[in-house]
Amino acid sequence: MAGECVPEGPNLKEMGEEELWELINDNRHRISLGVRPCILIPYLRQVKVLTEVDEDEILSCHNLTNRCMRTSYMLDLLRTHGRNGAIALLEGLMIHYPTLYTQVTGRKPSTEPSRFSGLIKYSELTEYLIRAVTGMQTELQEARNEAGKMGARCSFLESEVRQLMAQEEKSRHLQTENERLQRHLSSLQRDVTKLKDEKCDLYIRYTAAIEEKSAINGRLHDLNLEVYQLQTELQSIQMENEFHKQRSLRSVSPSQTPQLQEAHKDILQQDLAEAIDSQVELAEHLKNYREENEKLLRDKHGLVDQTEALSLQVQQLSLDCKMHQQKSTVVQSQMKELQVERDQAYQSRDDAQAMIARILAEKDTLRSQLVELQEAVFIFQAKRSPRTQLQRSDVENISWESPTSSSEESPLPVRRRLRRMDALNPMSLSSCYSESEDAVPTSVRSKGVEPPSPESLRRRQEVLYADSSLETAETDSLLDDFVCLSDGIEEEQRHRPSFSHGSNSVSLSRTSAPPFLVRTRPKAIRIIGRVLSISLQCETLLSQLTVVGGNKSGVFVHQVTEGSAAHTVGISPGAQIVEVRYEQNSRALKMVLEDSTLEEATWALSQVTGFCHLSLRPRQNDYEALLQQLQNSKTSSGDSFYIRVNISLPADTSGALAVSCNDILHVTNTRPDDTEDLWHASQVHPCQLLDLQSGTVPNYYRAQRLLIQTIENMSFQTKKGQKVGRVEAQSEQKAVRIVSTGRQGRNPLWVSVEEENTKSTESGPPSPSKSCVTLMPYTLVTPHFPPVCRPILLLPTILGRMLDKKLDSWQGFQLCEPDVLTSSEHAAHIQRSEILEEVEPGGNQCYTFQSVDKVMKKGLHCVLPLGLDCVRRLHRFEIFPIIIFIGLSARNARKLRSKLQRNGQTEEQLLACSKSEEPLLDKLPCLYHSVDPDSWCDQNSLLTSLRTRIWEEQRKIVWVEPDLW
């Protein structure tokens, strides 16, 4: 109807080019805002006013960043086609934008062929109009379908909202019931405490009553004795009175009888009165005693009742005591067995030391014989010809008289020297030469080849005959004197010159060596306490033995190849490998395997080639227990440690475990099925040390490569302008936690590799397969079980300060108050690192460790109005706060606008604070909890969510990383 009321404007066919473009330019702004170039371009291409190049330039040019700029650029291109361009544009508006066409031209739109200018044929125009109408109908149908789907979706979402509201109401009811139960539990605990106190009071009263009863019984016995004595005295007095009365009657004459009777009557009346008075007095005493006895009987009955009540408690306590006695008996029996084993071990050690002492005595005897033989050799050398003697003197000047000269100055190779087994390779002749340079000629254990001095011989005799029982330390030092001969016969014969006298020749080769120069053991063994140090020469150590165990149980020798060098020196299954020393690329390396994993130990032993030292500890019982556990499938190896994952890893069909960033895993085997790039691990229950779903994860180096690859994909990913692309990029960034360490060049999880002083200034490169950068895919963590109430730290800081006062008003929460310190107290707290944060820089008000500890001792959650810097300071004092980061969006920030304005802050400052503090959370050595911004809409819902989160986090185990720097 509105279109019919529009007045007819000028005829477009009669207007010239300038008039048409003036009409278009007058409405250019309206056309730029209301027209989509992608809808008009097909018709403009049909009438041939735009080419394919023009279409690509309009739709794909990077300089045209919005629709208005593309529409304006399309008008500029049409302007170059003059009147045809204007007519084609207006006809396109008439077809696709009839309302805009009416606003621009003032004419009613119509699809009659007579209204078109003829730039396009009738058949082509009809076909285009049919396609346009069909497309519009299709779009209309799709829009209706989409509207139906959206309506169904809205109904479904409304039902879900109602369900969520019902669940929320139910959760609130459960939370209220939980709080009530917690309060009831607290009251019951207080009642139990009161009952325990009353029980202690009853014990005390029972003891006092028993003592009082004993005193009363003694008193009653004394009173009964007194009553009996009084009755006996009364009877004796009455008998005496009767006796005196009869005697007086007999002695009185009849004439005096009346007078005596009167006198006697008076006396008897007086005695009777006195007796009556004494009886009354005795009756009163007896009455008092009876009342006191009745009172004591009543007290006795009351005490008997208390005794029966307490006897039940005593029986219960006696049962507990019996249980504790049984436990202590079992512990004592175990202690006795351990003491017996210890005594046996000490006896074995003493026997071994005695055997070593005998061997050393025999060795010194053989050494004295060796000296005599060397002196005989010198005599033979002195009798040689002058020419030969001159040649030999040149050699001796280098080898005997100048022990500090280098081996390169010797014109001829010298004979094999006697060497000590202090980590030397007996097959290396150059190492023997360099070692003789540091020898001391007068030492008891001299490494030089010259004959021992008189002082050395005298000290040898003192050591040999001083005492037959040698101390352990002395035995350890004397064991360094073992001599090792070379195993290469042909090499020694080539390097050793033979000395002849006349027709007889004396050869110093191995074939003609005296029997006492040949060792019964090919290598030296040194015993230090209960650790054996074995030196051997081998090509590849790992090919001669296999190991089992791990960091929890220790690494044990499992199998030894028969006939190998390891088997020859006496290495047997059941020995724990404590330490390995070897050389690699002119560097002396020491691998401490006492607490290493099976993967570390296998890699370390695979690196050992040539001469090496092994430190072994006999632990046969532990080895057999480990084998028993492996056979019963109780454990898969001796490894056990916990890690925090810093990269998300998907699951696959090969049994890989799907983990997310910040998950905690319990690694139980670092070489499952002898694989080199996988670990067997299990997910850990958040509240208990229980293993849940298990599977395999990449080992450290493979996970490190995956981490680097993921970071590279995130860095070089093509950034598209679509919204979907931005969301995918954000989700991928959350799958990685960037953690680095200052320990470069090796695996930061390994703590057993130490590099000793190198023998050469040149150091070879590290193994390429085991090289390590500072990015860490896994970090070691240790579990902590904090007390009942942990402190609360809310982030971002601006929002946290607003919520701290709300939490302070809750039951069970208290805001941390700063302490006012003097200058001396401030300095002392800084020295002890007890200041967490200062209220004002340079002020005397500070938040200290004591203020937090004071609130925690009350059994309350301490609300910390502090920043992230306080977390590491609290960890030093074994205090682990609950860290909650509240996610924010622009919509959430607008909900808090009024509260921010009261504190003199804005929404932009709140969002900036959240954006700056969120990246710092990944650098914390502990886990934290994030509140999704879509989970709350106002302050009340946020506080309800926080209460639930705090209760959940309080139950969880706290996992803490070590200091990586």
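If you read the sequence from its start, that first residue is 1, and numbering goes on from there.
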Does the side chain of [X] reach to within under 4.5 Å of the side chain of [Y], using non-hydrogen atoms?
X	Y	answer
Ile792	Phe813	yes
Gln850	His829	yes
Leu943	Leu807	yes
Glu294	Tyr289	no
Leu665	Val684	no
Leu946	Ile884	yes
Thr822	Asn844	no
Leu860	Met856	no

Considering residues at least two apart in sequence or located in another chain, which fulfil the side chain to side chain donor-acceptor pair (under 3.5 Å) criterion with [X]?
X	result
His875	none
Arg949	His929
Ser640	His666
Glu177	Arg180

Please report the shortest heavy-atom distance between [X] and [Y], naming the atom on each side.
X	Y	value
Gly550	Asp639	CA-OD1, 2.9 Å
Asp691	Ser682	CB-CB, 3.8 Å
Pro881	Leu874	CG-CD1, 4.0 Å
Phe556	Gly574	CD2-O, 3.8 Å
Cys789	Gly859	SG-O, 3.1 Å
Phe877	Arg832	CZ-O, 4.1 Å

**Asked** For Tyr228 and Leu223, what are the C-alpha separation, side-chain angles and deciding distance, and is it a side-chain contact (heavy atoms from CB on, under 4.5 Å)?
**Response** CA-CA 9 Å; Tyr228 179 74; Leu223 291 175; over 6 Å; no
**Message:** If you apply the rule salt bridge (charged side-chain N to carboxylate O under 4.0 Å, His left out), what do you find for Glu168 with Arg172, and how did you get there?
**Reply:** CA-CA 6 Å; Glu168 184 179 3; Arg172 288 179 182 175; 2.8 Å; yes
Does [atom1] belonging to [X] count more than 12 external heavy atoms closer than 6.0 Å?
X	atom1	result
Lys199	NZ	yes
Gln811	CD	no
Tyr346	OH	no
Glu212	CD	no
Lys300	NZ	no
Gln831	CD	no

**Request:** Find out whether the Lys NZ or Arg CZ of Arg947 is both under 6.0 angstrom from the six-membered ring centre of Trp810 and within 45° of the ring's axis.
**Result:**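 Yes, Arg947 lies over the aromatic ring of Trp810.
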**Asked** Testing Val871, Ile882, Asp853, Leu864 for side chain to side chain contact (heavy atoms under 4.5 Å, CB included) with Pro791, which one passes?
**Response**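 Considering Val871, Ile882, Asp853, Leu864, a side chain to side chain contact (heavy atoms under 4.5 Å, CB included) with Pro791 is found only for Leu864.
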**Single hit among Arg219, Lys213, His221 for side chain to side chain contact (heavy atoms under 4.5 Å, CB included) with Asn217** = Lys213
Side-chain ion pair, [X] and [Y], N-O less than 4.0 Å:
X	Y	value
Lys287	Glu292	no
Glu594	Arg617	yes
Lys194	Glu198	no
Arg205	Asp201	no

[X] side chain to [Y] main-chain N or O, any donor-acceptor pair under 3.5 Å?
X	Y	answer
Asp808	Leu815	yes
Ser186	Gln182	yes
Ser318	Gln315	yes
Arg873	Leu836	yes
Arg790	Pro786	no
Ser851	Tyr847	no

Enter the distance from [X]:[atom1] to [Y]:[atom2] here, rounded to the nearest 0.5 Å.
X	Y	atom1	atom2	result
Leu234	Gln231	CG	CD	8.0 Å
Asp271	Ser278	CG	OG	10.5 Å
Leu821	Thr848	CG	OG1	6.5 Å
Arg342	Arg349	CZ	CZ	10.5 Å
Leu927	Phe880	CG	CZ	12.5 Å
Leu286	Glu291	CG	CD	11.5 Å

**Complete:** Sorted by chain and number, sequence neighbours left out, salt bridge (Lys or Arg N to Asp or Glu O under 4.0 Å) with Arg801 holds for Asp804
**Prompt:** How far apart are the C-alpha atoms of Leu202 and Leu310, what are their side-chain angles, what is the distance that settles it, and do they pass the side-chain contact (heavy atoms from CB on, under 4.5 Å) test?
**Reply:** CA-CA 8 Å; Leu202 287 175; Leu310 292 175; 3.7 Å; yes
**Prompt:** Yes or no on side-chain contact (heavy atoms from CB on, under 4.5 Å) for Ile664 and Val781, after CA distance, side-chain angles and deciding distance?
**Reply:** CA-CA 8 Å; Ile664 302 297; Val781 290; 4.3 Å; yes
**Item:** Any donor-acceptor N or O pair under 3.5 Å, side chains His826, Glu838
**Value:**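 His826 vs Glu838: donor-acceptor pair found between side chains.
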**Message:** Apply side-chain contact (heavy atoms from CB on, under 4.5 Å) to residues Gln347 and Asp351 and explain how you reach the verdict.
**Reply:** CA-CA 6 Å; Gln347 183 65 30; Asp351 295 341; 3.3 Å; yes
**Asked** Who passes side-chain contact (heavy atoms from CB on, under 4.5 Å) against Thr307, sequence neighbours left out?
**Response** Tyr206
